[in-house]
Amino acid sequence: MDNRQCVGTSLVPEPPAPRRRVLRRVLVASLAGGVVAGTVLMLLPHERRHGPAAPPAAGPEARPRAQVPVLTTVTYGVPAALPGLTALIGRQERLVRAQPRDARAWAVLGSAYVERGRRAGDAADYPKAERALRESLKVRGGRNTEALDGLAALALARRDFPAAKSYGEQALKAAPKRWQAYPPLIDAYTGLGDYEKARSTLDKLLALRTDAAARPAVMARASAVYRDRGWREDAVAQLTDAAAAARTPAEQAAWLAGLGQLAWERGDLADALRHFEAALRLDPDQRPAATGRARTLAALGHTPQALAAYRAVVAKQPNPADLLELGELYESLGQPGVAEEQYTRMKEAVRRAVSGGVDEEVLIGRYEADHGDPWDGVERLREEWRRQPGIEVADALGWALHRAGEDQEALTFATTATDKAKGGGVRSALYAYHRGVIEAELERYAPARRHLEEALRINPYFSPLKAPLAREALRELGDVPDEPPPSE
């Protein structure tokens, strides 16, 4: 039964709006609703009056500046501080009331709503953003690239990659020399599993002539693509350069948080913690850095500090993924009752996110696979795969199929998520663990051991629940005859 509904109406040609299903059974029986992970928006300081700001020192010794830059426009690519966003929204709201036929004012307002919602973890800003951006298109259609950029950013924030692709391609067609059109398209192609287009779009972006203000955003986009290809050193180099060239504390904090995440993914806890804490000194509102710090403290065995850090994050910004992560940490500590409290809060956070149009199907599918009804996870993840077949969806669907007892089909998707020839080349400990467990269930013991060892080699701390299970599975496998990897 499919009870998803469309949100809003389009004023320009676009694919059908994503459909949302009622979330039922264990998750939230009454839930109904409506996309890098990471992407962020760039709000530039008013350079014409004040001149370019000197970049802050990179690294853990960096300190925030006393004043928030005056923000006058919004462009997908680089983050801004929450106080500056709130001030910009207030100015733009007054401006559109005074000049309701000002298409640019509506576009800036809508894009600022998108960024504030993303940064604050509040999907309630997304319907406001959509109304403002569509009003901008209503006032001036055609080459309204600012509104199209905003709609692409909104689609990405809602994890609606087909719509982001449509809006991004329209913006690029209208003005192919604008660098701002390329980053959202890269993220949209990645979310759709079209890694070749993501890479070719990056090549075109790198070939453009961009000014100093744009270069950190371009380097950060390159870092994301290199990370997806498995080029860790190149990803770190690009993001390090982006942090050094950042023009505001909030911008630098985002790139430092990204460096912390890259360090976490390779199991370098000391480096991860250093970058996360440096990011938080620059921008205390940097949620990915706060969550990353909590995760790293837990892996270091500093459990009381980790729990306090997690609780602070979810009290301020109750993000569904963070609540799921905290619940699993409590579960790993043998506290199932407290874990269930976090899962209940997660369901409420999902309810709010979906009401703002966010696609939470991957997170819901993961939750159902591990803590609820695996077949419900399979059903919703199959639909997600049909709509936007990225690597993250492949891994989640493969794991849900395994949990539902369909290991032969599960291996197909687990292979897609981990096969560098077919996918993006992401080096993920979680994906390798999932594939190893599925192979062990199919009595493919040699590849199972290889992938379980790979998971722990990539990051021995990748999950408080699953990393110990990976070690246990390896012990149970014991010494098995080696065999060459299958040619795929």
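Everything quoted here is computed from the prediction, not taken from an experiment. For the single chain, residues carry numbers from 1 onward in sequence order.
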| Closest approach of A410 to G398 (non-hydrogen atoms, all atoms of both residues) | CB-O, 3.1 Å

| So which heavy atom on A279 is nearest to which on Q286, and how close? | CB-CG, 4.5 Å

| said: Quick test of your reading of the model: are R119 and D283 salt-bridged, counting only N-O distances below 4.0 Å? | reply: yes

| query | Can we say R387 and D359 salt-bridge, meaning some charged N sits less than 4.0 Å from an Asp/Glu carboxylate O? | reply | yes

| said: I'd like to know if E115 pairs up with R118 as an ion pair, taking the criterion as any Lys NZ or Arg NE/NH1/NH2 lying under 4.0 Å from an Asp or Glu carboxylate oxygen. | reply: yes

| said: Any non-hydrogen side-chain atom of R403 less than 4.5 Å from a side-chain atom of E368? | reply: no

| task | With rounding to the nearest 0.5 Å, note down the distance linking CH2 in W385 to CG in L397. | result | 8.0 Å

| field | Backbone of L411 reached by a side-chain donor or acceptor of T415 within 3.5 Å | value | yes

| message | As a quick check of understanding, evaluate salt bridge (charged side-chain N to carboxylate O under 4.0 Å, His left out) for R352 and D122, giving each step before the final call. | response | CA-CA 8 Å; R352 290 192 298 270; D122 187 1; over 6 Å; no

| said: Would you say the rings of W399 and F413 are close, in the sense that their centroids are separated by under 6.0 Å? | reply: no

| query | Taking NZ, NE, NH1 and NH2 as the nitrogens, is one of them in R345 or E348 under 4.0 Å from a carboxylate oxygen of the other? | reply | no

| said: As an exercise, state the distance from CG of L323 to CD of E328, rounded to the nearest 0.5 Å. | reply: 11.5 Å

| request: Begin with the C-alpha distance, continue with both residues' side-chain angles, and end with the deciding distance and a verdict on side chain to side chain contact (heavy atoms under 4.5 Å, CB included) for K128 and R131. | output: CA-CA 5 Å; K128 300 175 189 176; R131 286 192 292 271; 3.6 Å; yes

| task | Taking only Lys NZ, Arg NE, NH1 and NH2, and the carboxylate oxygens of Asp or Glu, determine whether D241 and R215 approach each other closer than 4.0 Å. | result | no

| task | State whether the side chain of E361 and the backbone N or O of L381 hold a donor-acceptor pair below 3.5 Å, judged by distance alone. | result | no

| message | Quick test of your reading of the model: are E453 and R449 salt-bridged, counting only N-O distances below 4.0 Å? | response | yes

| query | For V437 and E441, what are the C-alpha separation, side-chain angles and deciding distance, and is it a side chain to side chain contact (heavy atoms under 4.5 Å, CB included)? | reply | CA-CA 6 Å; V437 170; E441 193 67 24; 5.8 Å; no

| message | If I take atom CZ from residue R295 and atom CG from residue L269, how far apart are they, to the nearest 0.5 angstrom? | response | 11.5 Å

| task | Enter the distance from Q342:CD to L324:CG here, rounded to the nearest 0.5 Å. | result | 10.5 Å

| Do S428 and D395 meet the criterion of a side-chain donor-acceptor pair at a distance under 3.5 Å? | no

| request: Could you tell me which non-hydrogen atom of L452 sits nearest to which non-hydrogen atom of A473, and how far apart they are? | output: CD1-CB, 3.7 Å

| query | Below 4.5 Å, heavy atoms only, C-beta onward: do Y195 and I391 meet side chain to side chain? | reply | yes

| message | Tell me whether K165 is salt-bridged to E169, with the criterion being a basic N under 4.0 Å from an acidic carboxylate O. | response | yes

| field | V108 and L88: CA distance, side-chain angles, deciding distance, side chain to side chain contact (heavy atoms under 4.5 Å, CB included) verdict | value | CA-CA 9 Å; V108 172; L88 176 61; 4.2 Å; yes

| To the nearest 0.5 Å, what is the distance between CG (L137) and CG (N144)? | 5.0 Å

| said: Using side-chain heavy atoms (C-beta onward) and a distance below 4.5 Å, is I364 in contact with V350? | reply: yes

| request: Go through the steps for R227 and D234 under the test salt bridge (charged side-chain N to carboxylate O under 4.0 Å, His left out), then give the verdict. | output: CA-CA 8 Å; R227 177 258 181 194; D234 299 280; over 6 Å; no

| request: Could you tell me whether R382 and E409 have a side-chain N and a carboxylate O separated by less than 4.0 Å? | output: yes

| query | Which pair of heavy atoms, one from A470 and one from Y433, lies closest together, and at what distance? | reply | CB-CD1, 3.6 Å

| remark: For P320 and M346, the nearest pair of non-hydrogen atoms, with its separation, is O-CG, 3.4 Å

| Side-chain donor/acceptor of N459 to backbone N/O of W264, under 3.5 Å | yes

| query | Taking side chain as C-beta onward, heavy atoms only, is L456 less than 4.5 Å from F462? | reply | yes

| Atom CZ of R178: over 12 foreign heavy atoms under 6.0 Å | yes

| query | Any donor-acceptor pair under 3.5 Å linking the side chain of T416 with the backbone of T412? | reply | yes

| said: Pair E392, Y431 - check side chain to side chain contact (heavy atoms under 4.5 Å, CB included), show working. | reply: CA-CA 9 Å; E392 184 182 27; Y431 298 177; 3.8 Å; yes

| said: Are W106 and L133 packed together at the side-chain level, in the sense that at least one heavy-atom pair is separated by less than 4.5 angstrom? | reply: no

| said: One thing to verify: whether R380 and D376 come together as a salt bridge, which I'm taking to mean a side-chain N less than 4.0 angstrom from a carboxylate O. | reply: yes

| message | What I want to find out is whether R134 reaches E130 closely enough, with some N-O distance under 4.0 Å, to be called a salt bridge. | response | yes

| message | Return the CH2 to CD distance between W231 and Q238, rounded to the nearest 0.5 Å. | response | 11.0 Å

| request: Indicate yes or no for a side-chain donor-acceptor contact from Q92 to the backbone of A105 under 3.5 Å, with no hydrogens or angles considered. | output: yes

| Would you call W255 and P79 a side-chain contact if the rule is heavy atoms closer than 4.5 Å? | yes

| message | I'd like to know if E265 and R427 make a salt bridge, using a cut-off of under 4.0 Å between side-chain N and carboxylate O. | response | no

| task | Please check if any side-chain donor atom of H451 sits under 3.5 Å from a side-chain acceptor atom of E439, or the reverse. | result | yes

| message | A side-chain contact here means heavy atoms from C-beta on lying under 4.5 Å apart; do R366 and L430 qualify? | response | yes

| Within the side chain of Y310, is there an N or O that forms a donor-acceptor pair under 3.5 Å with the backbone of A298? | no

| D149 and S111: side-chain hydrogen bond (donor to acceptor under 3.5 Å, both in side chains), yes or no, with the steps? | CA-CA 8 Å; D149 287 345; S111 295; over 6 Å; no

| Closest approach of A80 to L85 (non-hydrogen atoms, all atoms of both residues) | O-CD1, 4.0 Å

| message | Could you work out, with side chain to side chain donor-acceptor pair (under 3.5 Å) as the rule, every residue matching Q408, not counting sequence neighbours? | response | none

| field | Test of ring centre spacing under 6.0 Å for Y343 and H371 | value | yes

